[in-house]
Structure formats: structure tokens, C-alpha cells
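The next block holds one structure in the form of C-alpha cells; read it before the comments.
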Amino acid sequence: MTAQTVQQGDLVTVIGLEVHVQLETDTKIFCGCSTDQTDEPNENVCPVCLGLPGALPVLNEGAVEAAVKVGKAIDADIPEETRFHRKNYYYPDLPKNFQITQYDEPICADGELEVAVEGDRRTIAIERAHLEEDPGSLQHVGGGIDTADYTLVDYNRAGTPLMEVVTAPDFRSPSEVRAFLAELEEVLEYLGVFDAERDGSLRIDANLSIIPADEIAGDGIDEIGADALEAANRTEVKNISSHKGAEKALAYEETRQKNAIQRGRAVEQETRHWDESRGITVSMRSKEEEKDYRYFEEADLPPLRVSHWKDELSIPELPSARRERFQDEFSLSEEAASKLTSTKQVADFYEDVASEFDPDLAATWVADNLLGELNYRDMEITDLEGRFDEVTRLVELVATDEITAKNARETVLRSMLDDGRTPDEVVAEEGLGKTGEDEVQQAVVEAIDENPGAVEDYESGDDGAINFLVGQVMQKTGGSADPGDVNQLLRTELES
């Protein structure tokens with residue numbers, strides 16, 4: 001992004017992220033317990049994920065493969081040797097009193113991800129992405145974290161494989177954070193290592209500082225000096241679980257800190273909790289420092305040597321590359337290409353339809369009609385698995401001029417989604433086959449004869465009167481005529 005001009009006394013927002021991504025594996029990272037969600041607390045647990053004495057961890061190969069794929073997608077370095085450490089702290093959801101994670105030898109380092117921010121392309125540096133285990137989950141009963149009557153602990157999540165993606169402090173606004181998270185989630189879904197529908201699958205910790213503009217190195221806000229960052233007190237905001245939530249939480253925190261500075265008050269270095277129900281951040285504790293965790297090597301897990309996997313493992317075409325290809329290959333607009341690559345399933349389906357029909361027609365039906373109707377019903381394209389051939393058949397009916405686009409969109413598609421009927425069933429049962437040319441011509445003549453006032457208005461120069469007459473013809477044909485054809489037939493008849 002182009003560096004912005006800053007004035008003396010301006011305050012600049014600096015944000016860095018720690019994004020915890022749940023990797024899609026059948027079992028936990030260090031034991032064979034299922035990662036499936038269950039309503040029964042403490043059901044998918046064993047001595048390993050409960051931290052019982054004598055239990056030893058065994059690393060999940062699928063989690064390592066997923067991590068290498070992520071590293072490949074963000075063009076990160078994967079070192080010859082990486083290892084696990086113990087991060088020591090006491091909290092009720094951590095049964096061992098330490099978390100197995102990676103410290104100074106992460107599996108991925110020095111990556112990057114390019115995102116679109118207000119029409120500009122920006123590259124966000126990713127300092128590291130490492131594997132670790134998830135703690136359990138706390139359930140606050142009778143209120144929020146600071147008002148609950150008591151708290152329950154469920155260890156079903158304990159040991160679920162996580163990948164923590166740590167960015168450089170490259171963000172200058174909450175909206176940039178939201179754009180990055182959306183792009184990251186798309187990439188992870190394309191890789192097949194992440195499921196956004198899983199509860200708690202994406203959790204964000206954000207570090208936010210406010211720095212005076214005159215303490216920033218260089219001419220613009222994109223060059224943050226190390227001394228300025230070190231001197232600024234920052235807050236870590238936890239309990240963020242969505243793109244929208246991140247933008248709202250950080251906008252609140254940005255305003256809170258700027259107000260404090262402008263009133264002459266110091267910003268405390270602390271950890272704060274995002275209370276989504278109230279739309280505020282709440283102080284939890286003073287901010288920990290690295291030394292507080294007393295990291296040391298995990299002796300029960302050997303070093304990991306998988307750098308060669310980066311060449312051996314294949315990954316699919318990523319969303320940004322696919323967007324560019326769709327624009328070039330199918331002459332789509334940037335907006336249409338973005339919609340059609342929002343998920344890998346959508347992109348795959350569009351390509352299938354575009355291989356049989358006009359790419360513009362396919363884009364209209366997939367990006368606008370289908371996704372619009374699915375979104376209205378709070379459905380995903382994956383809900384139509386096994387029925388994609390029915391949607392393709394609907395596009396065929398329109399492409400071959402067997403039904404009108406209006407009927408296809410407003411009647412057939414909606415009935416397919418609401419009632420589960422096939423397009424041919426809806427067309428037959430609703431009598432939606434296109435009316436023959438002779439019938440349409442007869443309806444045109446009748447509409448002109450029955451509405452002399454509208455005819456007179458049209459002949460007097462009121463072009464809008466033609467729309468009334470089109471409506472009359474459509475009514476006579478039960479909506480089965482093509483409105484564009486009707487419009488042309490009416491003009492021809494009126495001018496003859």
C-alpha cells in the first residue's frame with residue numbers, strides 16, 4: 001500500500017495478529033482421540049490429552065502434512081529440523097500445566113500473504129506458523145468471563161491440532177485485519193486443512209499499539225521503527241472468533257487507546273477479553289512476557305525433519321491465482337471473479353458450468369442467482385452436493401431458450417432449493433415451458449387492442465408505457481414469454 005502522509009501529532013495504529021487455526025484431522029495431535037465435536041463434555045479424552053502421569057505424546061502425521069501445505073501456500077521457509085517445546089503456565093483448561101507447542105524452531109518461518117485492501121494489493125509478512133495443541137474450553141455459567149457465577153471445564157478440545165499463524169505488525173487499521181483474515185481463511189479452505197463451519201475453528205489474538213507519527217522511522221506509516229514499537233505499550237485482545245468480530249474488537253480498542261492518550265492517560269500493557277455481546281474489551285490480566293512461560297524442549301518428542309515434504313506435497317491452485325485466471329480466461333470482472341473463487345467448491349462448480357455454456361451466463365447463474373438464493377436461505381454450496389447436475393440442467397434450460405430466465409430464477413431455482421424438486425419437474429408441473437411465437441404474437445395484439453390509453457401514451461412519446469404493455473402480455477402468457485422478445489414484438493406491432 002502507498003505510504004500515507006502523516007502530520008505532527010498524528011497517532012498511528014499498529015496491529016499484529018496471532019491466528020489460531022484448527023487443522024482438519026480425524027484425531028488429535030498427540031493421541032488417537034477423535035476431533036469430532038460432541039455435546040457431551042469430557043467424552044473424547046484419554047490419559048494423553050488429560051495430561052495424566054506417565055502418558056506419552058505421539059505426533060499426528062496428518063497435522064504435520066497440513067502444516068507443510070500451509071507453509072507452501074504462504075511461501076514460507078521450512079527448516080531442515082524443527083522441534084517442540086513446553087510452554088509453562090497454569091490455567092484451568094490446561095490439564096498438564098504446560099502446552100506442547102513450538103518456540104524458536106517453528107515448522108514455517110518468513111512467509112507472506114498478499115491481500116486486497118481498498119483496491120490496493122498489500123503483502124503481509126508472516127513471521128512464523130507453528131504447530132501446537134489446543135487447551136480445553138471454559139464455559140462461564142451465569143454471565144461473562146468477569147461476571148459468571150462459576151466456570152465449567154470441558155477437555156474435549158484439549159489436544160486438538162492447531163496451527164498458530166503469527167504476522168508482523170503490518171496492519172494499520174481494523175479493516176485491513178478483516179481483509180487479511182478473509183484471504184487467509186480462503187487459502188486454508190482451498191488447501192483442505194480447515195473447516196470454517198467447525199465451532200472455534202478460527203480464533204484470533206490481536207496486539208494493538210498506538211504510536212505517535214513523529215516516532216515512526218521513514219516518511220510513511222509503513223516503516224515502523226523497532227524502538228518505537230518497543231516503547232509503545234500494547235494490549236493483546238483475546239476471544240475473537242471471526243473476521244467481523246476482529247474488525248469490531250480492534251475498532252473499539254483503537255478508539256479506547258486513542259481516547260486515553262488524548263486525555264493524557266497512559267495505556268496499560270495488558271491482556272483484554274473481547275466481550276462480543278457487549279461490544280467492549282474487558283481487562284483480564286497484565287500482559288505476559290516471553291520469559292514468563294519458561295520454554296524448554298519437549299523431551300518426549302524427537303526433532304522433526306520434513307523440509308523435503310514441501311517439494312513432495314502438492315497443493316491446489318490458490319484463490320488469488322484462480323481469480324486472476326478467471327479474469328483472463330473467462331473475461332470476468334474482478335467482482336465476479338472474487339465471488340466465484342470465494343470457496344474451492346464454488347470455483348470448481350463454476351468451471352464445470354463454464355465448460356459447457358457461455359462463461360458470462362455461467363457466471364450470472366453461479367455468482368448471482370445461485371449464491372444469492374443460497375445466502376438468503378443461510379445455505380452453503382456444499383449443501384447441494386449430489387445435485388450440481390440439476391443446477392447445470394437449469395442453466396441448460398435457459399441457454400437453450402426452453403424457459404425464461406425470470407421463471408428459471410424466480411420459480412424453478414427457488415422451488416429446487418425449497419422443495420427439493422428437479423428443474424424438469426418444476427417446469428412440467430408449473431407449465432413454464434416457453435410460449436410459442438404464435439401465442440405470444442396473439443397476446444401482443446390483444447394487449448394493444450385492450451389498452452388504447454397505453455398505446456396513445458406510447459405514441460405521444462412516453463416510452464415507459466411500453467413496460468405496462470409488456471406486463472399485460474406476460475400476464476396473458478403466464479410469465480412464460482421472454483420479456484425482451486415481448487418488448488420488441490410490441491414496438492414492431494405499434495410502429496407498423
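Under the 4.0 Å criterion applied to side-chain N and carboxylate O atoms, Arg83 and Glu297 are assigned as salt-bridge partners. Checked for salt-bridge contact, Arg272 and Glu236 miss the test: no charged N lies under 4.0 Å from a carboxylate O. Salt bridge annotation for Lys96-Glu133: present, with a cationic side-chain nitrogen under 4.0 angstrom from a carboxylate oxygen. Note on Arg323 versus Glu183: salt bridge recorded, some NZ/NE/NH1/NH2 to OD/OE distance being below 4.0 Å. For Arg305 and Glu80, the salt-bridge test fails: no basic side-chain N is under 4.0 Å from an acidic carboxylate O. One finds no salt bridge joining Glu334 and Lys339 here, because no Lys/Arg side-chain nitrogen approaches an Asp/Glu carboxylate oxygen to under 4.0 Å. Taking the charged nitrogens against the carboxylate oxygens, Glu24 and Arg198 do have a contact shorter than 4.0 Å, which makes a salt bridge.
Taking OG1 from Thr82 and CD1 from Ile107, the interatomic distance works out to 5.5 Å, rounded to the nearest 0.5 Å. With rounding to the nearest 0.5 Å, the separation of CG in Leu113 from OG1 in Thr123 is 8.5 Å. Atoms CG and CG, on Leu301 and Leu56 in that order, are 9.0 Å from each other to the nearest 0.5 Å. Summarising the geometry, atom SG belonging to Cys46 is positioned 6.5 Å from atom NZ belonging to Lys28; distances are rounded to the nearest 0.5 Å.
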Practice prompt. Might you work through the side chain to side chain contact (heavy atoms under 4.5 Å, CB included) test for Ile204 and Val237, ending with a clear yes or no?
Written response: CA-CA 8 Å; Ile204 304 107; Val237 183; over 6 Å; no
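Not counting sequence neighbours, Glu132 has no partner by the salt bridge (Lys or Arg N to Asp or Glu O under 4.0 Å) test. Qualifying ring pair (Phe, Tyr, Trp, His ring centres under 6.0 Å) partners for Phe388, counting only residues two or more places apart in sequence or in other chains: Phe349. Remark: Asp418 pairs with Arg377 by the salt bridge (Lys or Arg N to Asp or Glu O under 4.0 Å) rule, at least two apart or across chains.
Counting only distance, with no hydrogens or angles, the side chain of Lys310 and the backbone of Ala76 share a donor-acceptor pair below 3.5 Å. When atom types are taken as modelled, the side chain of Ser201 and the backbone of Asp195 share a donor-acceptor pair closer than 3.5 angstrom. Side-chain atoms of Glu298 come within 3.5 Å of backbone N or O of Asp300 as a donor-acceptor pair. When atom types are taken as modelled, the side chain of Arg387 and the backbone of Met416 share a donor-acceptor pair closer than 3.5 angstrom. Between the side chain of Arg409 and the main chain of Leu370, no donor-acceptor pair closer than 3.5 Å is present. Looking at Thr35, its side chain does come within 3.5 Å of a backbone N or O of Thr25 through a donor-acceptor pair. Proximity of a side-chain donor or acceptor of Asn60 to a complementary backbone N or O of Thr27 within less than 3.5 Å is detected. Judged by distance alone, the side chain of Tyr190 and the main-chain N or O of Thr341 form a donor-acceptor pair under 3.5 Å. Proximity of a side-chain donor or acceptor of Asp311 to a complementary backbone N or O of His308 within less than 3.5 Å is not detected. Using a distance-only test at 3.5 Å, with no hydrogens or angles considered, no donor-acceptor pair links the side chain of Arg128 to the main chain of Asp104.
Among residues at least two apart or in separate chains, there is no salt bridge (Lys or Arg N to Asp or Glu O under 4.0 Å) pair with a member in residues 61-74.
Between Glu373 and Asn375 the shortest side-chain heavy-atom distance does not fall below 4.5 Å.
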Between side-chain atoms of residues 244-253 and protein atoms elsewhere (two or more places apart, or another chain), which donor-acceptor pairs fall under 3.5 Å?
from, atom 1, to, atom 2, distance (Å)
Glu247, OE1, Arg178, NH1, 2.7
Glu253, OE1, Arg256, NE, 3.0
Glu253, OE1, Thr281, OG1, 2.8
Glu253, OE2, Thr235, OG1, 3.0
Glu253, OE2, Arg256, NE, 3.2
Glu253, OE2, Arg256, NH2, 2.5
Glu253, OE2, Gln257, NE2, 3.1

Got a list of side-chain donor-acceptor pairs under 3.5 Å for residues 154-167, not counting sequence neighbours?
from, atom 1, to, atom 2, distance (Å)
Asp154, OD1, Asn42, N, 2.8
Asp154, OD1, Asn156, N, 3.0
Asp154, OD1, Asn156, ND2, 3.3
Tyr155, OH, Pro92, O, 2.6
Asn156, OD1, Glu43, N, 2.8
Asn156, OD1, Asn44, N, 2.7
Asn156, ND2, Glu40, O, 2.7
Arg157, NE, Asp134, OD2, 2.9
Arg157, NH1, Asp199, O, 3.1
Arg157, NH2, Gln22, OE1, 3.1
Arg157, NH2, Asp134, OD2, 2.8
Arg157, NH2, Gly200, O, 3.4
Thr160, OG1, Arg157, O, 2.8
Glu164, OE1, His20, NE2, 3.4
Glu164, OE1, His130, NE2, 3.3
Thr167, OG1, Leu17, N, 3.0

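Judged by the 6.0 Å and 45° rule, Arg86 forms no cation-pi pair with Phe296. With a 6.0 Å cutoff to the six-membered ring centre and a 45° limit on the axis angle, Lys87 does not count as a cation-pi contact of Tyr295.
Remark: aromatic rings of Phe330 and Tyr350 are close, center separation under 6.0 Å. For Tyr89 and Phe98, the distance between ring centers is not under 6.0 angstrom.
When the shell of 6.0 Å around CG of Asp26 is examined, it contains 12 or fewer heavy atoms from other residues, nucleotides or ligands.
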